[in-house]
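I'd like to ask some things about the structure below.
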Amino acid sequence: MTTIASTAPDRPRWRQISPPVVSALLALVVVAEVAWAALVLAGSDDLVPHAVPAVVVGDPVVAESVARQYDDLPGDPFDLHAVADEESARAALADGSARAALVVDLDGSTDRLLLASSNDDLLDAAIRDRVEEVERRIDRLVAVDVVGPADADERQGAARLAVALALLLGFVLAVGTSLRDGPVARDLRHGLRRTLVVGALSVVGGAVIGQLALRGGTWAEVLVPAAVAGTGAALTFALEALFGWAGLGLAVVAFFATGAPVLARVDPTLVGRPWSDLAALGVPGAGVDAATAVSLHRELAVVPVTVVLVWLVASLLVITLARVVRRRHDVPAPVGGEGLRQVGGVRGWRVRVLGVVVPLTAAMLALAVVVPRSEVAAAPRLASLAASADCVRSGPVTSVADLNRIAGLRGTDDFRGGDVGADALLQDGRRAWLFGDTLREGPAGPRYVRNSMLVTDKRCIRAVVPEAGGALVPDRARPGESPVGYWPMSTVVDHRTGYDLLYVTTQRVRTTGSDAFDFENLGLSVAVFVVPLGGTPQLLEQRDIGPDRAGREHPTWGAATTLVGSGDDRWLYVFGTANPGTDQAWGYSLRVARVRPDDLLHQARWRYWDGSGWSVREDDAREMIPARDGVSQTLSVFTQDERWYALSKRNDLLGSDITVWTADAPTGPWSSGTVVAPVAQGATGQLRYMPLAHPTLFPASGSVVASYSTNDTDVGRVLADPLRYRPHFVRVRLPR
């Protein structure tokens with residue numbers, strides 16, 4: 001009698017589908033996932049945003065500062081970028097690249113927060129909470145508008161449903177095929193046939209799902225569900241190719257682990273990492289993102305569609321490699337899940353397959369999600385709160401004599417005395433004055449702060465006082481180190497529509513002893529203020545440029561600054577001074593760098609004059625004026641009648657005259673210096689130092705208004721008579 005072998009597929013037994021070790025592993029993972037999902041849903045009222053994509057609107061420099069401030073919030077709630085105008089912000093909300101947009105009104109006290117209508121209520125509430133918290137701190141209000149179609153949330157729900165149905169379809173197709181033909185195709189012909197059949201059914205099923213869930217009317221609404229269904233089936237087949245029937249359970253876990261936040265209707269940005277990353281890189285999350293783009297915008301989103309296709313290609317690669325490796329090593333096709341416990345010997349073929357596919361898949365996913373983002377381009381916003389003190393009547397100020405008269409006014413308790421006195425002319429006609437160590441009168445008596453600002457107009461002098469009451473540019477305080485303060489050196493004003501950007505270069509200084517003159521200079525910092533027309537200057541950002549470097553031999557950049565040009569062809573020349581620290585040179589040498597004004601805070605974009613051209617290396621900066629008989633540590637460099645002038649005091653503190661060096665260009669060659677005015681000598685202990693030019697004060701061809709600081713070595717005398725600690729003004733003739 002002849003025995004005919006049965007060709008029926010090997011029906012799985014329970015121990016084949018889920019042997020004990022596999023059952024335990026799956027149970028552990030599923031329990032953990034269910035517990036996590038329950039925790040997320042139970043605490044949904046307390047969810048906080050994580051890296052929510054958002055945009056700001058407005059000026060490049062201000063927007064960059066705003067983006068950094070929000071990015072520095074605890075927990076990184078926002079991933080802020082900028083756009084040029086509100087129209088672009090609304091477009092970003094509409095295409096899904098942003099979930100929120102901040103529009104700041106510098107002319108008023110209420111900013112606008114635009115939210116995408118596709119956001120769910122939990123995400124909107126979390127975004128509002130964080131933005132309103134920041135706005136309250138700076139005494140501003142926020143108005144909320146929802147942008148986008150009114151049924152956007154409903155469409156996103158339809159996208160989730162479409163992906164869930166597509167994944168279920170793909171899994172059912174894989175299970176049905178496996179039950180009919182076994183977990184692994186018997187030969188290449190059967191493998192190709194099952195691939196074509198499942199692919200065709202995925203397309204048909206995707207069309208049905210697109211029609212029912214996504215209200216299909218375009219090819220994209222068929223492609224996305226079809227791709228998700230086909231990928232779900234292929235991933236299931238790939239896991240079966242490696243682990244037999246146990247691959248079915250692993251597929252369920254894979255879909256649940258990466259899709260729980262999405263399919264549970266909890267926005268991935270509310271659950272943080274690693275779940276948000278898993279959601280974006282998994283088939284369910286990427287599928288929902290792709291389906292949402294189709295449902296809301298009737299277009300394909302490149303990144304999520306690419307992620308789905310990467311998983312499809314990787315799954316087909318696993319199936320193909322598994323067949324090739326098994327045949328090469330004469331390994332029987334897997335049936336049960338016992339191979340999970342053994343990777344050596346003949347079972348090591350799984351490691352070989354995964355060793356090829358896993359790195360390749362990771363690389364493809366990385367390429368899929370790395371999409372260049374637009375540079376920060378905008379967004380005016382008030383980052384700190386300051387107020388102006390009461391008006392001190394100045395009377396008419398039309399001459400140098402009037403300047404010295406108001407310099408002798410008693411002033412307010414917020415400004416008794418100070419040095420430096422660098423000025424900046426604002427577009428509304430007011431003038432900002434920046435001072436170094438400033439004497440103030442408080443409830444506990446007089447005290448010094450590292451810096452201050454006065455704003456003057458035709459009638460008043462007003463002190464600008466920060467909310468905390470200390471220095472306008474607050475000291476840097478780090479654990480384990482002495483406080484570092486900021487002394488102003490020079491100013492640059494960039495006029496914008498409706499407001500000015502005021503850059504103040506400062507030197508960061510650290511006290512080294514008990515004497516008033518015991519300090520060390522650590523390098524350049526830049527403070528950026530936004531000044532609304534007629535409004536109070538507000539500190540937008542303070543940034544240290546370069547590492548802390550004590551010692552006068554290192555150039556202190558920003559000792560003087562000059563902005564020239566117009567339109568897009570503007571250059572900011574940044575001058576640096578240094579002293580070799582020897583008895584042979586009491587003055588400071590002068591060097592120059594240049595940068596576009598919007599890039600001042602990015603030292604990597606500076607270029608340094610090396611004597612013949614502009615170098616990217618700071619060390620190449622060439623001395624234009626030597627330290628021997630050189631300039632003071634802080635000076636003024638300006639232009640008049642197409643001629644360049646450097647006004648300072650030769651040999652710094654040892655000098656006795658205001659001196660002017662001249663050149664035809666900022667790079668020199670510079671003259672050896674011409675004395676233009678003596679510095680009046682005071683009584684014993686009185687100091688006269690740091691001459692500065694004020695080119696926009698009563699401008700006249702061939703001359704300039706200058707000032708120098710006065711002080712006293714005896715702090716007691718200054719406390720008794722703060723008028724000893726004020727600038728003095730003179731007009732000087734300029735050499736030709």
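In this text the structure is predicted, and so the values were computed from the model without any measurement.
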Quick one, W586 with D652, criterion side chain to side chain contact (heavy atoms under 4.5 Å, CB included). Give me CA distance, side-chain angles, the key distance, then yes/no. CA-CA 7 Å; W586 292 97; D652 202 27; over 6 Å; no
Identify the heavy atoms of G673 and W661 that sit nearest to each other, and give their distance.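 Closest heavy-atom pair between G673 and W661: N-CD1, 3.4 Å.
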So does R622 have more than 12 non-hydrogen atoms from other groups sitting under 6.0 Å from CZ?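 Atom CZ in R622 is not crowded, with 12 or fewer foreign heavy atoms closer than 6.0 Å.
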Specify the closest pair of heavy atoms between H694 and G421, including all atoms of both residues, with the distance to one decimal.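 The pair with the smallest heavy-atom distance is CE1-O, 3.1 Å.
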Under 4.0 Å between a Lys/Arg side-chain N and an Asp/Glu carboxylate O for D500 and R430?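 R430 and D500: not salt-bridged.
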Quick one: does any side-chain atom of T506 pair with a main-chain N or O of Y486 as donor and acceptor, under 3.5 Å?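 No, because the side chain of T506 does not come within donor-acceptor range (under 3.5 Å) of the backbone of Y486.
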Taking the six-membered ring of W606, is NZ or CZ of R594 closer than 6.0 Å to its centre and within 45° of its axis?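 No - R594 does not lie over the ring of W606 by the 6.0 Å and 45° rule.
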Going by the angle between their ring planes, with limits at 30° and 60°, are Y645 and F638 parallel, tilted or perpendicular?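 Y645 and F638: parallel rings.
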Carefully, step by step, assess R462 and T536 under the rule side chain to side chain contact (heavy atoms under 4.5 Å, CB included). CA-CA 10 Å; R462 300 179 188 269; T536 301; over 6 Å; no
Centroid separation under 6.0 Å, is that true for the rings of W433 and F415?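 Centroid distance F415-W433: not below 6.0 Å, so no.
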N/O donor-acceptor pair under 3.5 Å between T505 side chain and S490 backbone: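 Yes, the answer is positive, given that a donor and an acceptor are paired below the 3.5 Å cut-off.
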Check salt bridge (Lys or Arg N to Asp or Glu O under 4.0 Å) between E86 and all other residues, then give those that pass, not counting sequence neighbours.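 Listed in chain order: R90, R112.
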Between E520 (side chain) and G551 (backbone), is there a donor-acceptor pair under 3.5 Å?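 No, the answer is negative, given that no donor and acceptor are paired below the 3.5 Å cut-off.
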Side chain to side chain contact (heavy atoms under 4.5 Å, CB included) evaluation trace for R605 with V616: CA-CA 8 Å; R605 300 175 189 173; V616 298; over 6 Å; no
For the pair S589 (side chain) and A578 (backbone), establish whether a donor and an acceptor sit closer than 3.5 Å, ignoring hydrogens and angles.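 Yes, the answer is positive, given that a donor and an acceptor are paired below the 3.5 Å cut-off.
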Could you give the distance from CG (L692) to CG (L635), rounded to the nearest 0.5 Å?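 Output value for this atom pair is 8.0 Å.
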How many angstroms lie between CG in L540 and CG in L501, if you round to the nearest 0.5 Å?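 If I round to the nearest 0.5 Å, the distance is 7.5 Å.
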Check whether any side-chain heavy atom of R130 sits under 4.5 Å from a side-chain heavy atom of F78, and report yes or no.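 R130 reaches F78 side chain to side chain.
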Could you check if a side-chain atom of R650 sits within less than 4.5 angstrom of a side-chain atom of D657, using non-hydrogen atoms only?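 No, too far: nothing below the 4.5 Å cut-off.
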Which pair of heavy atoms, one from R459 and one from C391, lies closest together, and at what distance?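 Smallest interatomic distance, heavy atoms only, reads O-SG, 4.4 Å.
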Side-chain heavy-atom pair E541, L601 within 4.5 angstrom cut-off: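 Contact flag for E541/L601 side chains = yes.
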Decide yes or no for Y608 and D619: does some side-chain heavy atom of the first lie under 4.5 Å from some side-chain heavy atom of the second?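 Side chain of Y608 against side chain of D619, heavy atoms only: no contact under 4.5 Å found.
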Could you walk me through whether S452 and R440 pass the side-chain hydrogen bond (donor to acceptor under 3.5 Å, both in side chains) check? CA-CA 10 Å; S452 67; R440 285 182 178 163; 5.3 Å; no
Test applied, side-chain contact (heavy atoms from CB on, under 4.5 Å); reference residue, R450; option that passes from L472, T438, D437: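 By the side-chain contact (heavy atoms from CB on, under 4.5 Å) criterion, R450 pairs with just one of L472, T438, D437: D437.
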Consider side-chain hydrogen bond (donor to acceptor under 3.5 Å, both in side chains). Of E618, Q507, Q603, which one does W557 pass it with?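 One option only clears the test, and that one is E618.
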Would you indicate whether the side-chain heavy atoms of L522 and R549 approach each other to under 4.5 Å?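 A side-chain contact is absent here, since even the closest heavy-atom pair is not under 4.5 Å.
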Are the side chain of S671 and the backbone N or O of T662 linked by a donor-acceptor pair below 3.5 Å?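 Present.
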For the NE2 atom of H554 and the CG atom of D548, what is their distance to the nearest 0.5 Å?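 The NE2 atom of H554 sits 11.0 Å away from the CG atom of D548.
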When you measure from the side chain of K649 to the backbone of G655, do you find a donor-acceptor pair of N or O atoms at a distance under 3.5 Å?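 Yes; at least one donor-acceptor contact below 3.5 Å.
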Is any side-chain heavy atom of F729 less than 4.5 Å from a side-chain heavy atom of F698?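 The answer is no; the side chains never approach within 4.5 Å.
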Are R543 and H602 side-chain neighbours, meaning at least one heavy-atom pair lies under 4.5 Å?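 SC-SC contact between R543 and H602 confirmed.
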Interatomic spacing from CG in D494 to CZ in R570 - rounded to 0.5 Å: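 Spacing of CG (D494) from CZ (R570) equals 4.0 Å.
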So how far is it from I406 CD1 to C460 SG, rounded to the nearest 0.5 Å?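 Going from the CD1 atom of I406 to the SG atom of C460 covers 11.0 Å.
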Using modelled atom types only, decide if a donor and an acceptor are shared between the side chain of N579 and the backbone of G587 within a distance under 3.5 Å.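 The answer is yes, because a donor-acceptor pair under 3.5 Å joins these two groups.
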Minimal non-hydrogen separation, L539 against V473, with atom names: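 Heavy atoms of L539 and V473 come nearest at CD2-CA, 4.3 Å.
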If you take all heavy atoms of S394 and K458, which pair is closest and at what distance?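 Between these two residues, the closest heavy atoms are OG-O, 4.2 Å.
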So does D620 get a backbone contact from the side chain of D610, meaning a donor-acceptor N/O pair under 3.5 Å?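 Not a single qualifying donor-acceptor pair exists.
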Taking atom types as modelled, is there a side-chain donor on D419 or S709 under 3.5 Å from an acceptor on the other?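 No, S709 and D419 have no side-chain donor paired with an acceptor closer than 3.5 Å.
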Where is the tightest heavy-atom contact between M453 and L502, given as atom of each residue plus distance?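 What the structure gives for the nearest pair is CE-CD2, 4.1 Å.
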Given 3.5 Å as the limit, does a donor-acceptor pair link the side chain of R99 with the main chain of L93, or not?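 No.
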So L600 and V574, do their side chains get closer than 4.5 Å, heavy atoms only?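 Yes, their side chains come closer than 4.5 Å.
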Take V52 and D79 through the test side chain to side chain contact (heavy atoms under 4.5 Å, CB included) and record every step on the way to the result. CA-CA 5 Å; V52 175; D79 182 12; over 6 Å; no
Just how far is it from atom OG of S707 to atom CZ of R726, taken to the nearest 0.5 Å?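 So the OG of S707 and the CZ of R726 are separated by 13.5 Å.
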Verify, without hydrogens or angle tests, whether S399 (side chain) and D402 (backbone) share a donor-acceptor contact under 3.5 angstrom.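 Answer holds: yes.
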Starting from the C-alpha separation in whole Å, work towards a yes-or-no answer on side-chain hydrogen bond (donor to acceptor under 3.5 Å, both in side chains) for S701 and D641. CA-CA 8 Å; S701 180; D641 298 331; 2.8 Å; yes
